[in-house]
Amino acid sequence: MPILVLLLLLLNVMQVDAQCKLTNTAFESGEEIKYDLYMNLGIFNARAGRGLLSVTEANYRGDDAYKLVMMFNTSGLAGNIYSVNDTLTSFVDKSLRPLLFTKEAAEGKDYSVDRQSYTYEGDKVKIRSFRVRNGKEQFDEVNTLEHCTYDYLSVLPYIRNLDYTGMQTGDRLHIHFIAGKKPVNMYVNYDGISKVKANNGKKYEVINITLTILDDAFEDQKKALKASLTNDENRIPVIIDTTLKFGAIRAVLKSASGTRNP
């Protein structure tokens with residue numbers, strides 16, 4: 001898409017705090033991370049464009065919040081073969097609970113807008129999901145759930161703030177996820193520590209994770225998304241791999257500024 005390894009380990013599956021409130025230590029307002037994009041469409045595998053992840057302070061319905069924006073824009077030959085111009089926006093409160101998610105996606109010849117808004121009532125969360133594709137409404141539905149639920153972007157601050165200390169390869173964390181209008185299951189799988197080189201010329205020790213998202217939008221649901229996070233307090237995503245039905249996109253860190261921790 002943060003901070004707790006929730007200490008309930010049963011059959012190697014850890015559970016999430018029902019109160020949905022976590023402590024952020026990984027990022028702050030002003031953070032800006034730039035990426036080079038690479039696209040793999042089978043016979044075509046090359047640099048494809050630019051990506052950006054930014055965090056700013058925001059006011060959401062009178063309350064202090066973080067606004068996260070992630071953008072992916074293809075260009076050049078890759079953009080001519082299959083254009084992707086996506087903007088994902090997420091508002092989360094200071095306890096990292098999702099408040100609002102929107103996605104504007106121009107992919108190929110299609111243009112769609114997704115919106116998910118969250119309302120918390122006691123131990124329940126009400127999520128209204130809405131989608132318009134190519135000018136036609138696809139759905140407008142409400143789910144009332146009894147557990148924390150994350151979307152495509154709010155899950156990122158969550159995984160950046162997890163405490164991976166003591167985790168072993170194969171350990172996984174079960175969380176709930178909203179994909180379009182469907183509540184689905186997601187697993188954060190711990191894949192160990194390694195070193196990678198980013199496009200800024202630096203080498204980083206990273207924590208490798210994969211996200212299993214049980215949704216048909218992903219060609220490989222077991223590895224719908226892979227991420228390598230710096231093994232430090234910032235948990236900066238150095239590499240992000242996403243596998244979709246049309247192909248795969250890799251984002252590789254080019255620069256990072258405004259990080260919370262030195």
Side-chain angles (χ1 to χ4, degrees), residues 1 31-55 68-90 101-114 131 133-134 151-156 159-160 177 179-180 186 188-189 191 194-204 206-230 235-257:
M1 264 223 223
E31 181 183 81
E32 184 174 275
I33 306 172
K34 296 180 180 180
Y35 294 92
D36 288 323
L37 299 184
Y38 298 84
M39 185 178 290
N40 187 339
L41 299 176
I43 61 173
F44 179 84
N45 186 4
R47 183 173 291 193
R50 299 287 178 85
L52 174 70
L53 173 64
S54 65
V55 182
L68 294 89
V69 177
M70 178 177 282
M71 295 187 291
F72 294 116
N73 300 291
T74 57
S75 59
L77 179 59
N80 292 333
I81 294 174
Y82 191 91
S83 63
V84 175
N85 292 285
D86 292 358
T87 300
L88 287 68
T89 304
S90 178
F101 169 77
T102 62
K103 178 183 178 182
E104 297 181 56
E107 299 177 354
K109 297 181 180 180
D110 295 320
Y111 176 74
S112 62
V113 176
D114 282 61
R131 174 181 291 165
R133 184 186 297 277
N134 297 328
D151 52 67
Y152 288 105
L153 190 50
S154 65
V155 73
L156 184 57
I159 63 174
R160 287 182 67 180
F177 189 76
M186 172 188 277
V188 180
N189 309 293
D191 289 341
S194 69
K195 291 187 177 180
V196 299
K197 186 175 182 179
N199 283 8
N200 60 1
K202 297 180 181 179
K203 288 186 177 180
Y204 295 90
V206 294
I207 299 167
N208 298 301
I209 62 169
T210 59
L211 300 184
T212 299
I213 304 175
L214 302 182
D215 180 65
D216 293 339
F218 296 93
E219 184 68 23
D220 184 355
Q221 295 182 355
K222 291 183 178 179
K223 295 182 179 179
L225 187 148
K226 295 191 294 182
S228 297
L229 312 174
T230 55
R235 295 284 192 265
I236 296 170
V238 178
I239 298 176
I240 303 173
D241 287 301
T242 304
T243 303
L244 300 173
K245 288 191 173 180
F246 69 80
I249 292 179
R250 165 169 281 203
V252 181
L253 173 70
K254 185 176 182 180
S255 67
S257 60

Between N134 (side chain only) and Y111 (backbone N and O only), is there a donor and an acceptor less than 3.5 Å apart? yes
Contact check, side chains of T102 and V113, non-hydrogen atoms, under 4.5 Å: no
Rounded to the nearest 0.5 Å, what separation is found between the NZ atom of K34 and the OG atom of S54? 10.5 Å
CG-CD distance between D114 and E104, expressed to the nearest 0.5 angstrom: 10.5 Å
Close side-chain approach of R50 and L52, heavy atoms under 4.5 Å: no
Rounded to the nearest 0.5 Å, how far does CG of D151 lie from CZ of F177? 6.5 Å
Within the structure provided, determine whether I33 and L253 are in side-chain contact (heavy-atom separation under 4.5 Å). yes
For residues G180 and R131, report the shortest heavy-atom separation together with the two atoms involved. CA-NH2, 3.7 Å
Distance from K103 atom NZ to D86 atom CG, nearest 0.5 Å? 5.0 Å
Backbone N/O of Y38 and side chain of R250: donor-acceptor pair under 3.5 Å: no
Quick one: does Y35's side chain have a donor or acceptor within less than 3.5 Å of a partner on L53's backbone? no
Decide side chain to side chain contact (heavy atoms under 4.5 Å, CB included) for I240 and L225; before the verdict, give the C-alpha distance in whole Å, the side-chain angles of both, and the deciding distance to 0.1 Å. CA-CA 7 Å; I240 303 173; L225 187 148; 4.2 Å; yes
Taking all heavy atoms of V252 and all of A198, pick out the closest pair and write down the distance. CG1-CA, 4.2 Å
Decide side chain to side chain contact (heavy atoms under 4.5 Å, CB included) for M186 and L211; before the verdict, give the C-alpha distance in whole Å, the side-chain angles of both, and the deciding distance to 0.1 Å. CA-CA 7 Å; M186 172 188 277; L211 300 184; 4.2 Å; yes
Working for side chain to side chain donor-acceptor pair (under 3.5 Å), residues N200 and S255: CA-CA 6 Å; N200 60 1; S255 67; over 6 Å; no
Would you please name every residue forming a side-chain hydrogen bond (donor to acceptor under 3.5 Å, both in side chains) with N85, sequence neighbours left out? none
Any donor-acceptor N/O pair, T74 side chain to V84 backbone, under 3.5 Å: yes
Rounding to 0.5 Å, atoms CG (L37) and NZ (K254) come to a distance of 10.5 Å
Under 3.5 Å: donor-acceptor pair, side chain of T230, backbone of I236: yes
Passes side chain to side chain contact (heavy atoms under 4.5 Å, CB included), M71 versus N73? Steps please. CA-CA 7 Å; M71 295 187 291; N73 300 291; 4.0 Å; yes
Taking all atoms of both residues into account, what is the closest heavy-atom pair of S75 and G49, and its distance? OG-CA, 3.7 Å
Nearest 0.5 Å, please: how far is CD1 in I239 from CG in N199? 8.5 Å
